[in-house]
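Residue numbers start from 1 in every chain, and the chains themselves are labelled A, B, ... in the order their sequence lines are given, proteins ahead of strands.
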Amino acid sequence: MNIAEIEMGLKAIAEQGFDKNEFPFQFIGCFDTPKATTTKLKGKMNKAKGENELLWAKKLYFKPSPQGAAAQTVDAMNEEGLVNTHAPRFLLSTDGEEFTAYDRNKDDHFHGTFSKLNDSFDFFLGLANIERYEAVEETIADIRAAGRLAKLYDAILANNSDWYNDEHAHTLNLFMTRLLFCLFAEDTGIFEQDLFSKSLNDYTDIEGRDVGPFLEQIFEIMDTPPNERGDIPAHINRFPFVNGGLFKDHVKIPKFGKLPRRILIEAGRLNWREINPDIFGSMIQAVVEPEMRGDLGMHYTSVPNIMKVLHPLFLLDLEKQFSDSQDSPNKLEKLHQRLSKIRVFDPACGSGNFLIIAYRELRKLEMRIYKRLQELTGELGWKWSEVKLTNFYGIEYADFASETAKLSLWIAEYQMNKQFADIFGDAPPALPLKESGNIKHGNALRVNWEEVCPPAKDDIETYIVGNPPYLGSTFQSKEQKEDLELLFKPLTKSYKNLDYVAGWYLKAVYYNQKRRYGAAFVATNSICQGEQVNMLWQHVYARQFEISFAHQSFKWKNNASKNAGVTCVIVGICPKNAIIGDKILFTAGVAKKVKNIGPYLLEMSDVIVGKEGSSLTGLPKMSWGNKATDNGNLILSPDERASILEKSPEAVEFIKRYYGSQEFIKGIERYCIWIADNKVEEAKSIPELNKRIQAVHDFRAASKAPQTRDYAVHSHRFRQIQGYGVDAVFVPRISSEKRPYMPVGFMSEDDIINDQAYAIYGAEPFVFALISSKLHYVWVKTVCGQMETRIRYSNTMGYNTFPIPFLSDDDKKILEELAWEIIEAREEHPGKTIADLYDPKKMPENLLKAHKKLDMVLETMYVGEPFKNDTVRLEHLFKMYAKMTKKKAG
DNA sequence: TATCCGACATTCT
DNA sequence: AGAATGTCGGATA
């Protein structure tokens with residue numbers, strides 16, 4: 001049951017009106033309550049005393065109210081002894097016009113009118129074991145700091161045009177990191193207040209020419225212990241000794257000028273105490289790495305997204321243990337011991353933001369433990385913190401990231417010590433810096449993870465987290481392809497279409513095979529869609545791992561000025577039987593406890609639907625449209641067509657109407673040049689066509705793909721011709737997921753269908769009806785791939801696997817009739833495009849009716865009655881699929 | 001032959 | 001400028 005279905009159920013109750021006797025049962029029926037429970041609640045399980053009341057322990061207490069007294073009734077209910085005994089979460093009362101509800105867990109009221117009962121759906125989600133989930137937001141300070149740094153970086157580069165190269169990138173990154181440390185140190189008490197920006201202001205000239213030498217001096221002095229400093233000016237000597245290697249290398253300093261100096265001094269005025277080290281670390285990283293130059297922070301993971309990984313993976317469980325330990329110093333000590341040993345390992349750590357956030361969360365919890373212990377025992381029985389930076393491990397491909405990550409971890413440590421001092425009155429000294437996290441520079445898919453984060457003796461909790469790079473097979477470099485080959489080739493033949501990120505999942509499975517702990521990554525949603533589901537998840541399941549929690553598709557977002565265009569998921573995996581707590585499935589703002597999370601990230605079993613070369617149920621062959629690969633030269637807009645025909649009217653025999661997804665859905669008019677092999681010479685005699693044929697040749701000859709190059713010699717025709725010259729059922733390859741049905745159509749024998757669509761050439765119309773059904777729609781939406789979250793139709797995965805019952809000739813006749821009814825319903829709206837007709841908000845009544853009639857009739861053919869909702873549809877289809885494939889295998 | 005994908009691409013509002 | 005929604009050709013089988 002999903003949220004939309006809950007909302008629809010409540011709407012139905014509201015429309016039907018208040019029925020004193022049935023209402024409470026109708027109401028709980030909307031929240032996925034099993035039938036057996038409802039039956040029991042009609043008997044002894046109902047703990048309420050009065051007539052027409054319902055009291056379901058831990059869940060719901062309902063009473064009808066006198067006219068206009070819903071709120072008072074709920075208040076009175078809350079005072080009853082029954083509420084204490086049976087602890088219902090929700091109290092609800094209505095007079096049929098108004099209703100009041102109260103959530104005892106959240107101390108939250110809802111007042112509404114009965115006719116709009118459905119507006120309250122998310123208030124009651126707890127009844128369906130779904131919890132509202134609130135993400136952590138980012139602070140303004142981070143955004144400002146990142147902006148200033150980018151500005152400073154640009155100004156410095158503008159002043160040092162010879163620094164735009166790899167050799168200087170490293171130097172500049174180190175330089176920026178040092179400046180950052182200074183800006184931070186002077187705001188946080190590591191230095192004297194404002195020491196850095198004041199010195200810069202007072203001891204360098206306004207033109208900025210001597211900023212470089214000045215910085216060189218202070219960097220050197222910060223690497224020199226007090227006893228080795230000798231005779232130096234007092235204003236330089238005020239800078240303290242900073243250990244930890246940050247200022248160890250003496251490298252070239254860029255030229256400054258008036259503008260960069262001013263930007264740097266202005267940057268000093270920001271309050272750097274407030275910033276999150278994860279954000280600016282990533283910013284510098286992205287700005288400085290040459291291969292990421294166009295990237296500008298596109299790929300750093302926002303704090304809310306990091307929390308989406310860390311929270312369900314282990315923070316939630318720690319939190320639970322903490323609340324269970326509230327009154328016992330012993331239990332608190334135990335929790336403290338557990339927490340101080342936890343290791344966090346990010347094998348794609350970048351500048352370390354996952355590690356930083358994890359460190360901070362552990363420190364925060366530790367302080368709460370100390371606080372509670374202090375309250376219980378009245379003593380301060382500890383020395384500083386037991387959470388050590390050395391428990392944080394990382395691997396990063398980019399050369400300099402490890403330094404940035406280490407710096408950021410120091411800053412995080414400093415910030416937490418500061419908080420510690422605010423609460424407990426004292427903190428350890430900030431300088432000199434101590435050892436930081438274990439960050440290794442290397443290729444995470446080749447490095448032995450056990451060498452970076454060694455297996456711990458007594459099986460210490462080690463959690464693997466991160467946001468590894470995503471790259472589909474088309475975009476992987478040779479090295480990256482080899483990375484995947486080394487990992488997957490020993491297991492399988494079919495891995496080459498896997499996304500690069502899949503490598504991290506497999507490595508995490510190997511690393512944790514003998515351990516009891518989980519891993520979770522942010523990944524592209526492709527790994528849980530279409531063909532990759534089979535390629536990746538079968539290997540995970542085969543090694544006795546399962547999905548322990550997941551976030552369904554969400555659009556990538558962070559504070560960078562330009563965001564990466566990708567839709568992500570977060571998938572947590574864990575060895576079977578080692579999963580702590582509940583499996584939780586997160587969907588846009590809500591969290592739901594579930595029995596199992598399938599590889600499509602739905603509440604279902606671990607079924608994988610593989611590709612099929614032909615229909616499992618004997619449906620007619622569905623093939624592809626025709627693929628041009630022509631750089632646009634064989635395709636004509638109406639204007640281009642007109643201008644050709646004006647000059648050479650005889651070209652008309654070589655021009656056909658051309659249909660892909662868009663042309664069909666939006667009614668766009670396009671044409672293509674279509675020349676039979678025996679008419680090539682004739683066509684070439686038309687100059688306009690000849691020019692285009694030549695252009696196709698040149699384009700194909702220059703292609704990287706051998707198949708395309710081979711077709712350069714046949715430049716008068718499409719690279720792949722799959723079928724034409726017969727009437728066909730037409731299915732767009734990509735279409736919006738917001739429409740209530742797949743938009744399907746018929747094409748005539750004169751039309752050319754392109755590779756943005758599938759075609760069943762010469763098919764019987766009952767197939768049109770099958771594809772137009774809700775059943776097919778939910779199947780395709782689930783098992784096919786997607787373009788982000790669009791529907792990406794597939795013959796091998798969606799059509800050939802689609803389970804249907806035996807259909808008699810009479811059944812097919814009936815379906816054919818219904819297909820024509822849909823076509824006729826569309827034709828009653830001339831001038832409207834398919835997009836208009838299938839607009840979820842504006843779908844015409846008659847068309848909707850025709851579709852619903854088809855669904856009703858077809859579903860009756862499946863199970864004798866229509867299905868209740870999409871969840872039931874899907875369950876049934878998967879059941880049929882399992883049976884079908886078993887039969888085939890056996 | 002055949003087909004799946006896009007740390008996207010382009011259009012719409 | 002954010003929301004809506006599908007191109008096109010390389011890579012792979």
Side-chain angles (χ1 to χ4, degrees), chain A residues 286 292 294-301 348 350 467-476 478 481 484 493-501 522-527 529-535 555-558 560-568 611-614 621-632 634-635 660-666 668 670 699-700 702-711 718-723 732-739 743 754-758 784-800 835 838-840:
Chain A
M292 289 165 83
D295 182 311
L296 293 170
M298 277 163 99
H299 298 144
Y300 85 80
T301 319
N467 175 21
Y470 334 142
L471 280 167
S473 68
T474 316
F475 298 104
Q476 288 161 18
K478 211 176 151 209
K481 282 183 199 295
L484 287 186
K493 274 196 293 189
S494 116
Y495 63 89
K496 288 189 177 172
N497 280 324
L498 272 170
D499 194 282
Y500 193 46
V501 70
V522 187
T524 166
N525 63 356
S526 306
I527 61 164
Q529 294 171 358
E531 59 176 355
Q532 294 195 43
V533 170
N534 191 27
M535 291 175 185
K555 235 182 152 31
W556 175 264
K557 200 172 159 19
N558 65 18
S561 49
K562 183 180 179 290
N563 269 203
V566 65
T567 298
C568 302
K611 293 189 192 183
E612 296 292 340
S614 59
K621 180 181 164 66
M622 177 184 282
S623 43
W624 240 44
N626 305 294
K627 177 168 170 160
T629 318
D630 64 333
N631 206 19
L634 297 175
I635 314 303
S661 292
Q662 275 200 96
E663 289 75 22
F664 171 66
I665 293 171
K666 297 182 188 159
I668 295 170
R670 282 215 287 179
F699 169 73
R700 287 190 188 155
S703 168
K704 278 202 291 180
Q707 188 183 7
T708 303
R709 276 203 308 276
D710 291 349
Y711 251 74
F718 280 29
R719 187 188 95 171
Q720 278 170 240
I721 294 175
Q722 311 288 134
R733 178 184 249 322
I734 299 219
S735 61
S736 166
E737 73 277 25
K738 305 230 162 101
R739 303 191 177 108
N754 77 13
D755 65 329
Q756 296 313 297
Y758 290 91
C784 290
Q786 292 172 21
M787 173 73 244
E788 293 211 310
T789 49
R790 273 3 50 73
I791 291 174
R792 191 198 290 273
Y793 198 88
S794 153
N795 53 353
T796 59
M797 285 178 288
Y799 177 79
N800 292 342
Y838 285 84
D839 184 325

Task: Watson-Crick/G-U partner (both atom distances under 3.5 Å) of C/dT12 - done: B/dA2
Open item on the list: Using Watson-Crick or G-U wobble geometry with both distances under 3.5 Å, which nucleotide pairs with B/dA7?
Closed with: none
Among the nucleotides [options], which one has an atom lying closest to any side-chain atom of [X]?
| X | options | result |
| --- | --- | --- |
| A/Asn795 | C/dT5, C/dG10, B/dC4 | B/dC4 |
| A/Ala705 | C/dA11, C/dA13, C/dG6 | C/dA11 |
| A/Met797 | B/dC4, B/dA7, C/dG9 | B/dC4 |
| A/Ser661 | B/dC4, C/dG6, B/dA2 | C/dG6 |
| A/Phe475 | B/dA7, B/dC5, C/dG10 | B/dA7 |
| A/Asp755 | B/dC4, C/dA11, C/dG9 | C/dG9 |
| A/Arg739 | B/dA7, C/dG6, B/dT3 | C/dG6 |
| A/Met787 | C/dT7, C/dA13, B/dT3 | C/dT7 |
| A/Glu531 | C/dG6, B/dC5, B/dA7 | B/dC5 |
| A/Trp624 | B/dC8, C/dA11, B/dT3 | B/dT3 |

Open item on the list: Check for me whether the distance between the ring centres of A/Tyr758 and A/Tyr793 falls short of 6.0 Å.
Closed with: yes
If you compare every side-chain N and O of [X] against the phosphate oxygens of [N] (OP1, OP2), does one of them come in below 4.0 Å?
| X | N | answer |
| --- | --- | --- |
| A/Thr474 | C/dG10 | no |
| A/Gln722 | B/dA2 | yes |
| A/Arg719 | B/dT3 | no |
| A/Arg733 | C/dG6 | no |
| A/Thr796 | B/dC4 | yes |
| A/Tyr758 | B/dC4 | yes |

Quick check: any donor-acceptor pair below 3.5 Å linking the side-chain of [X] to the base of [N]?
| X | N | answer |
| --- | --- | --- |
| A/Lys627 | C/dG10 | yes |
| A/Glu788 | B/dC8 | yes |
| A/Gln707 | B/dA2 | yes |

TODO: Give one of base, sugar-phosphate or nothing for A/Ser794, where a contact means two heavy atoms less than 4.0 Å apart.
DONE: sugar-phosphate
- [ ] State whether a side-chain donor-acceptor pair under 3.5 Å links A/Gln756 with A/Ser661.
- [x] no
TODO: Take the protein atom NZ of A/Lys611 and the nucleotide atom P of B/dT3, then report the distance between them rounded to whole Å.
DONE: 9 Å
Open item on the list: On DNA chain C, compare the nucleotides closest to A/Ser703 and A/Gln662; which residue's is nearer the 5' end?
Closed with: A/Gln662
